[in-house]
*Asks:* 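I'd like to ask some things about the structure below.
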Protein chains: 2
Amino acid sequence: MSTKYDIVKQEIQSRILDGTYQPHQKISSESELMKQFGVSRHTVRAAIGELVNKGWLYREQGAGTFCADRSLDNRSSSGVTQRNIAIITTFISDYIFPSIIRGAESFLSQHGYNVSLFSTNNDHENEKRILEKILTEPFDGVIIEPTKSAISNPNIGYYLNMEHQNIPYIMIHAYYEELEPLSITMNDEKGGYVQAEHLIQLGHTNIVGFFKTDDLQGVKRMKGFIKAHRHYGVTINPNGIVTYDSSDKVNKPIQTFMKLLDQGVKPTAIVCYNDELAISMLEVLREKNIRVPEDFSMVGFDDSLIGRLTAVKLTTIQHPQSKMGETAAKMIVDLIKEKNNQPKKTNNKVQSIIFEPSLIVRNSTKILEGKTVTTK
Amino acid sequence: MSTKYDIVKQEIQSRILDGTYQPHQKISSESELMKQFGVSRHTVRAAIGELVNKGWLYREQGAGTFCADRSLDNRSSSGVTQRNIAIITTFISDYIFPSIIRGAESFLSQHGYNVSLFSTNNDHENEKRILEKILTEPFDGVIIEPTKSAISNPNIGYYLNMEHQNIPYIMIHAYYEELEPLSITMNDEKGGYVQAEHLIQLGHTNIVGFFKTDDLQGVKRMKGFIKAHRHYGVTINPNGIVTYDSSDKVNKPIQTFMKLLDQGVKPTAIVCYNDELAISMLEVLREKNIRVPEDFSMVGFDDSLIGRLTAVKLTTIQHPQSKMGETAAKMIVDLIKEKNNQPKKTNNKVQSIIFEPSLIVRNSTKILEGKTVTTK
DNA sequence: TCCGATTTGTTCGTATGTATG
DNA sequence: GCATACATACGAACAAATCGG
């Protein structure tokens, strides 16, 4: 995999798949590629040779090398419907993802589809590699949880190519706004609002919020957090909002939280991006001998299993989990049907779905001492 | 047709067609061909390269170039290798399975394979449906966790058919004994032995054991449990061994355990089939105000995440989890390689792997009051 | 129609890396 | 350890086709 011609080959392949090279368009000449990659002509020719052999490019002596049009050539040759669905998530084994995947797998296998799994680890490079794979192989539909949905995505070209090749896809949890895709999401802003509202109604006024902001979910939950404070006229502590990324999710929130607890005016409650974070924070509080909920209240998000197993059962926001997976599966199957039966009446068109959040009150939140419950 | 490499190519082709080169026979080396035709090595390689691409020859570094066997060359219809691996587990989202799947997925996707997921919910009908699907579609290999491995399997025919069709498969966690397949397992009997031994060494003599016995793992752990008692000369309470199935795993163990706790001579410790059960039992004890480990000791199995998150951290048996998934993935890839390179020497044949269990002592076990620690 | 610049096609030489037996 | 054989990579030269002027 580390040979020079293979690198050149991969890169050219990427340019084809992400739409840089359109069908019948002339690609860079051999001498240009030599300069671009700093390799000899022999190496460039070896790379191009393999792609010509695969049918991705064709050469014309004297004219140049061109991108082939693979749109209607091969994939229906075998005649047999493959019925493959790809599910791309950021993580596979952690947290609530297994439940989502189970929901989707269960529905899809009942409807005769194979489910292939991919995880990006919230990294754009991995996402790219996976999208290349999906575009190269016969998938009938794709369910995607976007990678780093809050920031601009370098792989948009691949999604456009997917539309070109008429492969239906839907996004869950969040979506890339440029694409305006069909999606299944939570109302995350509302969720963040409800988290904060609950604590405010319990009398808390010094609440910290921790949000993972490389994904859109976190950005929106933060927005809701702020909105609730404004609505109830509670000022937000200047240090009261902490953001972090997937990359520093293990350490940064914990360390920042510890500092916040050591300062003069201590917060009395925390809104957590999700239950996973809440569990970490619970550990911090336990080490500092701060009792939950007597001394400190916390709200999680997602109603994950681990939040129900801990000594202190978490107050949290409900997440549809396996239901979301099933809904996504149903939607992608509908899209595939719609694609195949073009003459069919499109009376009930497939539409995006937004799940409304609801609060689940357990044992991690409590009325602040000396306060009475506020109601709207 | 007048180029040198084309002449070389034609000549080699002729030698294949007229039988000079028989299937799997080594053809002249590149340097020999250089002499024979008076051309450069590059030219020879270009000629051979085209024939390799057509599927008439195959090259093996260090060994030589060989004539391919095109007699039974069927599946080249699509030309493209699919590289699909199926993973069949009993459950997808629960417990330690996500970790196992992640380990396998990570390795396989790095090696260019797609991973398709199936779950049987430990039901033979589902298993049958999935096996039919796999036999019908182009999978290169299968990783299986057997369904109800302790009882006779009605789908053996499908596995035999898989062998017929030359689809490599391996089993994890357990295996159907009739098939004697390649497998990756725990030494479950040893595991059950270690669980019981630990409690016995802590002075416990009235230990109950709960085992799920529709899978072989449970049967073997139970065997180890009994063996440990015999070895240390501890008599087993007649009601001290409780077995249950996947179907009644939610209720039966809990109810039986409650009855045991209400009887005259109470047990002082429990060996659990796995951490999942242990967590349920912990809940029962909490409701009855029996403190762990002060009043009661318990040992789990699998070292699952949930066993580390509870208030009382479980003493348990280590399970390789994602490591097991990765090992399984590596093994299946080796098997596929072995299958494809028939002429290659099978010097290091793929072999079954058994992981040895080791005890992880945490906070759910304690020396029985009024006893001293026993050592072997 | 021809010219010249560009681009791919063929062929040689050489060197080093890596797997096999 | 050694010879053999294939794998990768660099450089150079000339041939053949294309395309704009």
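The sequence lines fix the lettering, A, B, ..., with proteins before strands; numbering per chain opens at 1. These values consider heavy atoms only, across backbone and side chains, with no hydrogens, waters or symmetry-generated copies.
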*Asks:* From the list D/dA5, C/dT10, C/dT8, which nucleotide is the closest neighbour of the side chain of A/Gln61?
*Replies:*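 Between D/dA5, C/dT10, C/dT8, the one nearest the side chain of A/Gln61 would be C/dT8.
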*Asks:* NZ of A/Lys26 versus C1' of C/dT8: gap in Å, rounded?
*Replies:*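 Computing the A/Lys26:NZ to C/dT8:C1' distance gives 10 Å.
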*Asks:* Rounded to whole angstrom units, what separation is found between the CD1 atom of B/Ile48 and the C1' atom of D/dC6?
*Replies:*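 My rounded result for the distance is 9 Å.
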*Asks:* Would you say a side-chain N or O of A/Thr43 is under 4.0 Å from OP1 or OP2 of D/dC10?
*Replies:*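 It does, given that an N or O in the side chain of A/Thr43 lies less than 4.0 Å from OP1 or OP2 of D/dC10.
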*Asks:* Select from A/Ala63 and A/His42 the residue whose nearest nucleotide in DNA chain C is closer to the 5' end of that strand.
*Replies:*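 The residue whose closest nucleotide sits nearer the 5' end is A/Ala63.
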*Asks:* Figure out the CD/P separation between B/Glu50 and C/dG9, and round it to whole Å.
*Replies:*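 Checked: the CD to P distance equals 11 Å.
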*Asks:* Should the ring pair A/Phe97 and A/Phe91 be called parallel, tilted or perpendicular, given that the plane angle runs from 0 to 90° and is split at 30 and 60?
*Replies:*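 Rings of A/Phe97 and A/Phe91: tilted, 30 to 60°.
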*Asks:* Would you call the rings of B/His42 and A/His42 parallel, tilted or perpendicular, where under 30° means parallel and over 60° means perpendicular?
*Replies:*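 The arrangement is perpendicular - the two ring planes meet at more than 60°.
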*Asks:* Among C/dC12, C/dT10, D/dT8, find the nucleotide with the atom closest to the side chain of B/Arg41.
*Replies:*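 Output: D/dT8.
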*Asks:* Return no unless some side-chain N or O of B/Arg45 is found under 4.0 Å from OP1 or OP2 of D/dC6.
*Replies:*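 Negative; the distance criterion is not met.
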*Asks:* Whole angstrom is fine here: how far is it from CZ in A/Arg59 over to P in D/dT18?
*Replies:*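 Spelled out: CZ on A/Arg59 to P on D/dT18 is 15 Å.
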*Asks:* Measure the distance from CZ on B/Phe66 to P on C/dG21 and round it to the nearest whole Å.
*Replies:*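 Value for this atom pair: 8 Å.
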*Asks:* Nearest to the A/Ser31 side chain among D/dC10, C/dT7, D/dC6, which nucleotide is it?
*Replies:*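 When the side chain of A/Ser31 is considered, C/dT7 is the closest of D/dC10, C/dT7, D/dC6.
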*Asks:* So does A/Asn121 get a backbone contact from the side chain of A/Ser119, meaning a donor-acceptor N/O pair under 3.5 Å?
*Replies:*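 Judged by distance alone, no pair lies under 3.5 Å.
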*Asks:* In this structure, how many angstroms lie between the C1' atom of C/dT6 and the CG atom of A/Leu33, rounded?
*Replies:*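 Distance check: A/Leu33 CG to C/dT6 C1' gives 15 Å.
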*Asks:* Using whole Å, report how far CG of B/Leu57 lies from P of D/dA7.
*Replies:*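 Taking atom P of D/dA7 as the reference, CG of B/Leu57 is at 12 Å.
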*Asks:* Taking the side chain of A/Ser40 as its heavy atoms from C-beta onward, which of D/dC10, D/dC6, D/dT8 lies nearest to it?
*Replies:*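 Out of D/dC10, D/dC6, D/dT8, the nucleotide with an atom closest to A/Ser40's side chain is D/dC10.
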*Asks:* Mind running salt bridge (Lys or Arg N to Asp or Glu O under 4.0 Å) on B/Glu50 and B/Lys54 for me, showing each step along the way?
*Replies:* CA-CA 6 Å; B/Glu50 294 206 355; B/Lys54 270 216 287 185; over 6 Å; no
*Asks:* Would you say a side-chain N or O of A/Lys4 is under 4.0 Å from OP1 or OP2 of D/dA7?
*Replies:*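 Checking D/dA7 against A/Lys4, no side-chain N or O comes under 4.0 Å of OP1 or OP2.
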*Asks:* Please compare A/Val39 and B/Thr65 by the position of their nearest nucleotide in DNA chain D and report the one closer to 5'.
*Replies:*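 By nearest-heavy-atom nucleotide position, the 5'-most residue is B/Thr65.
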*Asks:* In a check of side-chain contact (heavy atoms from CB on, under 4.5 Å) between A/Pro181 and each of A/Glu163, A/Met171, A/Met162, which one passes?
*Replies:*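 Between A/Pro181 and the candidates, side-chain contact (heavy atoms from CB on, under 4.5 Å) is satisfied uniquely by A/Met171.
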*Asks:* May I have the distance from A/Lys9 (atom NZ) to D/dT8 (atom P), rounded to whole angstrom?
*Replies:*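 Taking atom P of D/dT8 as the reference, NZ of A/Lys9 is at 10 Å.
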